[in-house]
Colleague: 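Take this structure first; my questions come after.
The chains referred to below are lettered A, B, ... by the order of the sequence lines, with proteins before strands, and numbering in each begins at 1. Hydrogens, waters and symmetry mates are skipped; everything else that's a heavy atom, side chains included, is used.
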Number of protein chains: 2
Amino acid sequence: MAATLADVAARAGVSTATVSRVLRGNYPVAEATRSRVRRAVAELDYVVNGPASALAAASSDLVGVLVHDIADPYFGILAGAVQESLGEPGVDGGRLAVVCGTRSSHERELACLTLLLRQRAAAVVITGSARDDPEAVRAVTTRLRRLTEAGTRVVLCGRPPLPEDIGAGTLTFDNRGGARKLTEHLLHLGHRRIGYLAGPRGRSTSRHRLEGHQEALAARGDADGPVVHVSFDRAAGYDGARALLQKDPRLTAVVCANDSVALGACAALRDLGLQVPRDVSVTGFVDLPFSGDAMPPLTTARLPLQQAGARAGRIATGAEEPPPGGRANVSAELIVRSSTAPPPS
Amino acid sequence: MAATLADVAARAGVSTATVSRVLRGNYPVAEATRSRVRRAVAELDYVVNGPASALAAASSDLVGVLVHDIADPYFGILAGAVQESLGEPGVDGGRLAVVCGTRSSHERELACLTLLLRQRAAAVVITGSARDDPEAVRAVTTRLRRLTEAGTRVVLCGRPPLPEDIGAGTLTFDNRGGARKLTEHLLHLGHRRIGYLAGPRGRSTSRHRLEGHQEALAARGDADGPVVHVSFDRAAGYDGARALLQKDPRLTAVVCANDSVALGACAALRDLGLQVPRDVSVTGFVDLPFSGDAMPPLTTARLPLQQAGARAGRIATGAEEPPPGGRANVSAELIVRSSTAPPPS
DNA sequence: AGCGCACTAGTAAGCGCTTTCTATCACCCC
DNA sequence: GGGGTGATAGAAAGCGCTTACTAGTGCGCT
């Protein structure tokens, strides 16, 4: 069997309490003793028993990261940044990221939170859009409150603030503003028939982006164009674009919920014999790493995912103060590339 | 404080042993008692203390996934598939994926393994290329052996088998074969001056792909073209393509270590005023989701990451038998798109 | 010289669960 | 009718660590 604290203590000729103190470094130990203990640890290749330690100390070094889907680059970048900010996985320090894919399912999200509660996670970073219905929001809030009560730090990243203050730090993304900029850009180019390929219904992110789009139209006094709701992936964008053009074949621009959807839309338009941007302009959202290499390079609203994730991670570990008032808004920057151009005359 | 097993036991009027048995379901309990316990659990909103449970049972429900970088789609897909295959995060079941980004650093890889050992992880899936030098391989093997000795199941995914049998399941990717097919495709098109943009030196994956490429050349009796080593990302591909063309400005094709590198190479060629594939053909490797939407759509060798990751996860959880002999090879499929064409005449 | 304080290190009581061993109770068959 | 036989449930001994609390030094100060 693996060596235990007692083995190390015996070998170093000290008590287990002393070994524990050397390892945790939160209590003075004489230099001579300390080095004797360190030697014993090395000789036995001793590795702390995490569960035992977590039980006795009533806290673990696990940090939960809730994402919709790890394989989606949006969440991959977020999760990677959080994980990166957790610090070196050194012998003494080292928090571990527990990444949970919720597949956008409310039930799975709750189940994951319960699992994290059960692990007595040190912190939880929860990302992705929230469901709009109050019932769901309340359920998640309840779970998160349980977590904060248990001493787990909670950070929301790219998600609307909770309806109730439970001491969670919140980093929201300016989805509304980004969408407004994108639509203004199209209006500026002269587009008047703009379709909108929205994210799934009932999700905060979908709603905010759509609202931003409509605000821009309203500001100019234009009526809303056709809207089709799809999920946030490429395949949905492909189908959605066709549906949109069926509603109005004379569209000159399609605003998409995100870059993946935009890529699908571009493919669909191509297959319909339309050129982007000559015949139809297309915009994305987020600016994923490959969006600039896409065919054509996508005009989009950039969200600084890397920075946001890193900040969320630092807040989660206590390395950074939560933003004043518990909330901060991360703004989106308009990136103009070649998927948008003036409408055909 | 949160309710404990004892609280539930008191409320249900039974012993803690009984409650534990109801929860774990591995011991007969009378139906009446069982439902009484379940009610008490629900009423108190009881959640098991994971660390305590792991300590007593000497095993946790954490599964470690080692990747180079979560934000890289290659690893994101792999990690997502592993996580997905871990099963529903239900109340009773539910393994959690602990994703560790090693940033390709040998030291971090070892540190992560130690951390996982400390958590008494149920299993570990380790992905990504391995360092070629024996010293590093030995260090990793030692750590993995420690894990298997502690009862942790170990699965290698997309990584060469260990030099020693420690009971780890291994899923290798046919990097050599994929690279061979790609080069044969180019030779077939008529290319005779082919440059190779290899992955980082000293990595198994880089080496295997390069060897496959050279095998294809050798089979035809052709001499090797220029080779430049870069890291596995887009920026490196950009710089690498320029370096390659400096070595031989008359190249008609560039074979790249993976899709990201290929994307960078395409961008570099464009910036040099060359058209892909009219002037220079480019190939990738892996077939990431966006590779078909790239400019131009990439000819590449597809690796079924999703399936491989899922299988690795199932082996890790014991849901699937390890392959016969402990190893299986996952083959790569040639995908021809428009980044390759006959050389300019 | 005597007292108290600053350092260290040991003692031991848990942390909340799992599980072996044991006890109890029906029940049934010879 | 008595003892074997299952089926249930309880008692209690840890799992390996952390951390109050306690104890033993040696030193400075009055």
Side-chain angles (χ1 to χ4, degrees), chain A residues 1-38 40-41 44-62 91-92 115 117-122 150-151, chain B residues 1-38 40-41 44-62 91-92 115 117-122 150-151:
Chain A
M1 267 323 282
T4 69
L5 241 210
D7 299 333
V8 176
R11 175 147 200 143
V14 298
S15 70
T16 60
T18 301
V19 177
S20 174
R21 297 203 264 248
V22 169
L23 260 24
R24 318 208 93 221
N26 55 2
Y27 196 87
V29 174
E31 188 45 44
T33 317
R34 183 193 311 278
S35 65
R36 206 143 31 96
V37 169
R38 284 208 195 293
V41 166
L44 294 174
D45 197 11
Y46 171 71
V47 174
V48 183
N49 181 315
S53 170
L55 172 57
S59 82
S60 76
D61 39 14
L62 259 29
V91 176
D92 16 286
L115 247 31
L117 176 59
R118 146 154 137 196
Q119 294 297 335
R120 303 301 189 257
Chain B
M1 266 326 284
T4 69
L5 242 211
D7 299 333
V8 176
R11 176 147 199 144
V14 298
S15 70
T16 60
T18 301
V19 178
S20 174
R21 297 203 264 246
V22 169
L23 261 23
R24 319 208 91 222
N26 54 2
Y27 195 87
V29 174
E31 189 45 44
T33 317
R34 183 194 311 277
S35 66
R36 206 141 34 92
V37 169
R38 286 212 194 289
V41 166
L44 294 174
D45 197 11
Y46 170 72
V47 174
V48 183
N49 181 315
S53 170
L55 171 57
S59 82
S60 75
D61 40 14
L62 261 26
V91 176
D92 17 284
L115 247 32
L117 176 60
R118 147 153 136 195
Q119 295 296 336
R120 303 298 188 257

Colleague: Where is the tightest heavy-atom contact between A:Leu55 and B:Pro51, given as atom of each residue plus distance?
Modeller: N-CB, 3.8 Å

Colleague: Could you tell me whether the side chain of A:Tyr27 has a donor or acceptor atom within less than 3.5 Å of a complementary atom in the base of D:dA20?
Modeller: no

Colleague: B:Ala30 near the nucleic acid: base, sugar-phosphate alone, or nothing, with a heavy-atom cut-off under 4.0 Å?
Modeller: sugar-phosphate

Colleague: Find the distance A:Asp7:CG to D:dC15:P and express it as a whole number of Å.
Modeller: 12 Å

Colleague: Could you tell me how far apart A:Glu31 (CD) and C:dT8 (C1') are, to the nearest whole angstrom?
Modeller: 13 Å

Colleague: OP1 or OP2 of D:dC17 versus the side-chain N and O atoms of A:Thr16: is any pair under 4.0 Å?
Modeller: no

Colleague: Closest approach to the side chain of B:Leu55, judged atom by atom: which nucleotide of C:dC15, D:dC15, C:dT11 is it?
Modeller: D:dC15

Colleague: Go through D:dT8, D:dC17, C:dC17 for me and flag the one nearest to the A:Leu5 side chain.
Modeller: D:dC17

Colleague: Does this structure show an ion pair linking A:Arg118 with B:Asp61, if we count only N-O contacts that are shorter than 4.0 Å?
Modeller: yes

Colleague: If you look at every heavy atom in B:Ala9 and B:Val19, which pair is closest and at what distance?
Modeller: CA-CG2, 3.6 Å

Colleague: In whole angstrom, what separates B:Arg120's CZ from C:dT18's P?
Modeller: 17 Å

Colleague: Starting at the 5' end of DNA chain C and moving along, which residue's nearest nucleotide shows up first, B:Asn49 or A:Val14?
Modeller: A:Val14

Colleague: Can you find a side chain N or O atom of A:Arg24 that sits less than 4.0 Å from OP1 or OP2 on D:dT19?
Modeller: yes

Colleague: Using every non-hydrogen atom in the two residues, find where B:Arg36 and B:Gly13 come nearest and quote the distance to one decimal.
Modeller: NH1-O, 4.2 Å

Colleague: Should A:Thr33 be listed as having a side-chain N or O under 4.0 Å from OP1 or OP2 of C:dA9?
Modeller: yes

Colleague: Output yes when at least one side-chain N/O atom of A:Ser15 is less than 4.0 Å from OP1 or OP2 of C:dG10, else no.
Modeller: yes

Colleague: Within the distance-only criterion (no hydrogens, no angle test), does the side chain of A:Ser60 pair as donor or acceptor with the backbone N or O of A:Arg120 below 3.5 angstrom?
Modeller: yes

Colleague: Measure the distance from CG on A:Asp61 to P on D:dT18 and round it to the nearest whole Å.
Modeller: 11 Å

Colleague: Would you state whether a donor and an acceptor, one from the side chain of B:Arg21 and one from the base of D:dG10, lie under 3.5 Å apart?
Modeller: yes

Colleague: Side-chain N or O of B:Asn26 versus OP1/OP2 of C:dT18: is the shortest distance under 4.0 Å?
Modeller: no

Colleague: Just checking B:Thr18: base, sugar-phosphate only, or nothing, at a heavy-atom cut-off of under 4.0 Å?
Modeller: sugar-phosphate

Colleague: Using atom CZ of A:Arg36 as one end and atom P of C:dT8 as the other, report the distance to the nearest whole Å.
Modeller: 14 Å

